[in-house]
2 protein chains.
Amino acid sequence: MNPKYYSLPKEKQEAILNAGFHVFSQNTYKKSPMSEIANAAGISKALLFHYFHNKKELYLFLWDTCCRITVEEMTRSGAYEQKDLFGSMDYGMQAKLRLMRQYPDIGVFAVRAFYEKDPEVSADIQKSMGQYLNTHAAKKLQNLDPEDFIPGIDLQMMYREMYWASEGCLWEYIQRGSMNVDEMEKDFRKLLEFWKTIYLRKNRDGI
Amino acid sequence: MNPKYYSLPKEKQEAILNAGFHVFSQNTYKKSPMSEIANAAGISKALLFHYFHNKKELYLFLWDTCCRITVEEMTRSGAYEQKDLFGSMDYGMQAKLRLMRQYPDIGVFAVRAFYEKDPEVSADIQKSMGQYLNTHAAKKLQNLDPEDFIPGIDLQMMYREMYWASEGCLWEYIQRGSMNVDEMEKDFRKLLEFWKTIYLRKNRDGI
DNA sequence: GATGAAGTTGACCGAAGCGGTTAACAGAGG
DNA sequence: CCTCTGTTAACCGCTTCGGTCAACTTCATC
């Protein structure tokens with residue numbers, strides 16, 4: 001790619017990113033036209049080809065950027081250092097919401113790219129995945145103290161259930177198209193509070 | 001449309017339905033080629049145009065069929081007559097699983113069609129929606145007896161949470177591509193059992 | 001086995017869209 | 001005035017699109 005891309009004003013860089021995320025998240029790789037991306041970014045197709053030699057290069061750049069900023073944001077959020085499960089989920093949620101405010105389509109783009117089957121790009125996508133795979137969930141689960149939760153609960157099932165519910169909630173917003181991140185934050189907060197009331201052991205011994 | 005479609009053998013009719021559901025669920029309306037659908041159905045493009053005069057007609061026929069068989073299956077399942085909440089969810093789940101076994105892409109198709117924005121079809125889709133909107137959830141919620149559940153629980157929140165978790169679980173399978181409905185059923189069953197253990201009041205008075 | 005209706009298709013059409021290129025334009029600095 | 005940088009409209013060759021049509025196959029009926 002052309003390094004001059006980086007000397008573009010930040011807003012222009014982001015406009016291109018978001019245009020790419022948007023178009024590639026709605027269509028397959030092959031059926032995502034460069035002209036549509038250029039239009040969405042507010043520049044001409046020729047200029048887009050000036051910064052990225054071809055479609056594949058833009059696509060892989062988007063994928064890389066997507067992975068990088070996600071990891072950065074999650075790390076910076078402090079979610080991984082939190083001892084408390086719900087605190088950690090809270091921080092993680094805030095990080096993801098911040099990302100979605102800045103790049104509304106990054107989530108759907110990531111999913112579609114991960115499962116993209118076009119041989120022109122699929123191999124490169126999968127190759128670069130190893131470094132980004134999330135293994136924090138398993139560790140988090142092992143470090144939980146069963147005494148903190150209601151007696152007899154299946155902690156792994158609890159965790160899966162909470163994960164699915166967040167995904168389902170997020171998915172509902174995504175489907176609806178242009179998403180209202182503020183509304184989403186409210187819903188997530190409500191979920192978190194609800195989980196605390198049903199999962200946490202309230203009268204722990206000696207407290 | 002050509003009524004001779006209905007005198008086709010059932011397998012051929014289903015093949016066309018599934019081919020349509022599949023292609024239209026992966027791409028926008030405009031970017032879903034008739035040739036691809038014909039291929040997936042195992043017939044020639046010319047024959048597909050013999051049964052459906054044009055693309056729009058096929059699309060709206062698919063949408064109509066999708067709505068109709070979903071309502072039929074849900075009604076027939078008996079989920080709406082069940083008094084018990086979890087029993088009703090169980091029946092509903094089984095109905096949906098049956099649908100997904102027969103028409104693997106019908107779910108994603110329905111979502112995409114509902115939010116399709118192409119002016120050639122969007123108006124017709126929205127117009128035919130009124131009759132299919134699901135109002136059973138609200139009624140179900142009103143008829144619940146708080147005494148059946150753990151004290152102090154927010155029943156509406158509980159319902160939303162369960163709904164989201166099922167959607168999240170389903171969504172995980174959908175993303176992964178070709179879905180294993182048997183695995184899915186296992187997961188849903190586990191969810192149902194888990195919910196019973198945490199939401200139901202176990203020692204109800206006098207029992 | 002001739003006939004005709006019904007089912008099915010390969011080949012085709014004009015139009016549109018694709019990835020990518022190029023020649024030219026606009027403007028700022030010297 | 002010139003030159004360098006950023007930017008684009010117009011273009012190219014090619015593919016794909018929705019839709020048509022003439023021809024081929026199949027098969028029941030006479």
Side-chain angles (χ1 to χ4, degrees), chain A residues 1-17 19-20 22-63 113 116-122 124, chain B residues 1-17 19-20 22-63 113 116-122 124:
Chain A
M1 62 171 299
N2 190 333
K4 284 177 185 169
Y5 164 83
Y6 291 112
S7 37
L8 244 42
K10 276 268 157 66
E11 321 113 40
K12 216 76 189 169
Q13 289 188 38
E14 269 194 24
I16 295 177
L17 286 180
H22 182 71
V23 175
F24 281 122
S25 72
Q26 302 285 344
N27 316 99
T28 331
Y29 168 76
K30 197 164 60 162
K31 293 187 182 171
S32 297
M34 291 290 272
S35 55
E36 212 170 295
I37 298 173
N39 257 341
I43 61 176
S44 70
K45 190 178 66 164
L47 188 53
L48 187 57
F49 272 103
H50 175 67
Y51 290 123
F52 303 91
H53 299 137
N54 52 44
K55 190 166 151 179
K56 179 177 176 178
E57 193 183 271
L58 169 61
Y59 188 74
L60 293 178
F61 170 77
L62 287 173
W63 169 251
E116 174 66 57
K117 289 188 181 78
D118 194 305
E120 194 174 342
V121 292
S122 64
D124 300 76
Chain B
M1 61 170 300
N2 190 333
K4 285 179 186 169
Y5 165 82
Y6 291 112
S7 37
L8 244 44
K10 277 268 155 68
E11 320 114 40
K12 215 74 188 172
Q13 289 189 37
E14 267 193 26
I16 294 178
L17 286 180
H22 182 70
V23 174
F24 281 123
S25 72
Q26 301 286 343
N27 316 98
T28 331
Y29 169 75
K30 198 164 60 163
K31 292 187 183 170
S32 297
M34 290 290 271
S35 55
E36 212 170 295
I37 297 173
N39 256 341
I43 61 176
S44 69
K45 191 178 65 163
L47 187 54
L48 187 57
F49 271 103
H50 175 65
Y51 289 122
F52 303 92
H53 298 135
N54 52 44
K55 189 166 152 179
K56 180 177 175 179
E57 194 182 271
L58 169 61
Y59 188 74
L60 294 179
F61 170 77
L62 287 173
W63 169 249
E116 173 65 58
K117 290 190 182 76
D118 194 305
E120 195 176 340
V121 292
S122 64
D124 300 76

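Just so it is clear: chains get the letters A, B, ... in the order the sequence lines come, proteins before strands, and each one is counted from 1. Just so it is clear, the model here is predicted, and its values are computed rather than measured.
Across all their heavy atoms, B:A113 and B:Y59 have their closest contact at CA-OH, 3.3 Å. A pairwise comparison of heavy atoms in A:G20 and A:L62 identifies CA-CD1, 3.6 Å as the closest pair.
With sequence neighbours excluded, no residue forms a side-chain hydrogen bond (donor to acceptor under 3.5 Å, both in side chains) with B:Q13. Not counting sequence neighbours, the partners of B:K4 by the side-chain contact (heavy atoms from CB on, under 4.5 Å) test are B:N2, B:S7, B:Y51. Residues satisfying the side-chain contact (heavy atoms from CB on, under 4.5 Å) criterion with A:P119, sequence neighbours excluded, are absent altogether. When the side-chain hydrogen bond (donor to acceptor under 3.5 Å, both in side chains) test is applied to A:N27, the partners found at least two apart in sequence or on another chain are B:T28. Partners of B:E57 under the side-chain contact (heavy atoms from CB on, under 4.5 Å) rule, at least two apart in sequence or in another chain, are B:M1, B:F52, B:H53, B:N54. Qualifying salt bridge (charged side-chain N to carboxylate O under 4.0 Å, His left out) partners for A:D124, counting only residues two or more places apart in sequence or in other chains: A:K56. Every residue meeting the side-chain contact (heavy atoms from CB on, under 4.5 Å) condition with A:Q26, not counting sequence neighbours, appears here in chain and number order: A:H22, B:R112.
Along DNA chain D, the nucleotide nearest A:L47 and the nucleotide nearest B:P33 are compared for position; the residue whose nucleotide lies closer to the 5' end is A:L47. Mapping A:G42 and A:K30 onto DNA chain D by nearest heavy atom places A:G42 closer to the 5' end of the strand.
Atom NZ of B:K55 is separated from atom CZ of B:F49 by 8.5 Å, given to the nearest 0.5 angstrom. Atom CG of A:L58 and atom OH of A:Y5 lie 9.0 Å apart (nearest 0.5 Å). For the atom pair CD of B:E116 and NZ of B:K30, the computed distance is 10.0 Å after rounding to the nearest 0.5 Å.
When heavy atoms are screened at a 4.0 angstrom cut-off, B:F52 is found touching no nucleic acid atom at all. Residue-level contact check: B:S7 touches neither bases nor backbone, having no heavy atom under 4.0 Å from any strand.
Atom CZ in A:F24 sits about 12 Å away from atom P in C:dC18, given to the nearest Å. Atom P of nucleotide C:dT8 and atom CG of B:L48 are separated by 12 Å, given to the nearest angstrom.
Residues from residues 8-17 of chain B lying near DNA chain D, meaning a heavy-atom separation below 4.0 Å, are absent.
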I need a per-nucleotide contact map over nucleotides 20-30 of chain C, read 5' to 3'. Cutoff is protein heavy atoms under 4.0 Å; write B for the base, S for backbone only, - otherwise. BBB--------
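Chain B approaches DNA chain D within less than 4.0 angstrom (heavy atoms of the protein), and the contacting nucleotides run 5' to 3' from D:dC17 to D:dC21.
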Close N or O pairs between protein and nucleotides 4-6 of chain C (under 3.5 Å):
none

Side chains of residues 36-46 of chain A: which donor-acceptor pairs under 3.5 Å do they make with residues two or more places apart or in other chains?
unit_1	atom_1	unit_2	atom_2	d
A:E36	OE1	B:K31	NZ	3.0
A:S44	OG	A:L47	N	3.2

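Proximity of A:S35 to the phosphate of C:dC18: a side-chain N or O atom is located under 4.0 Å from OP1 or OP2.
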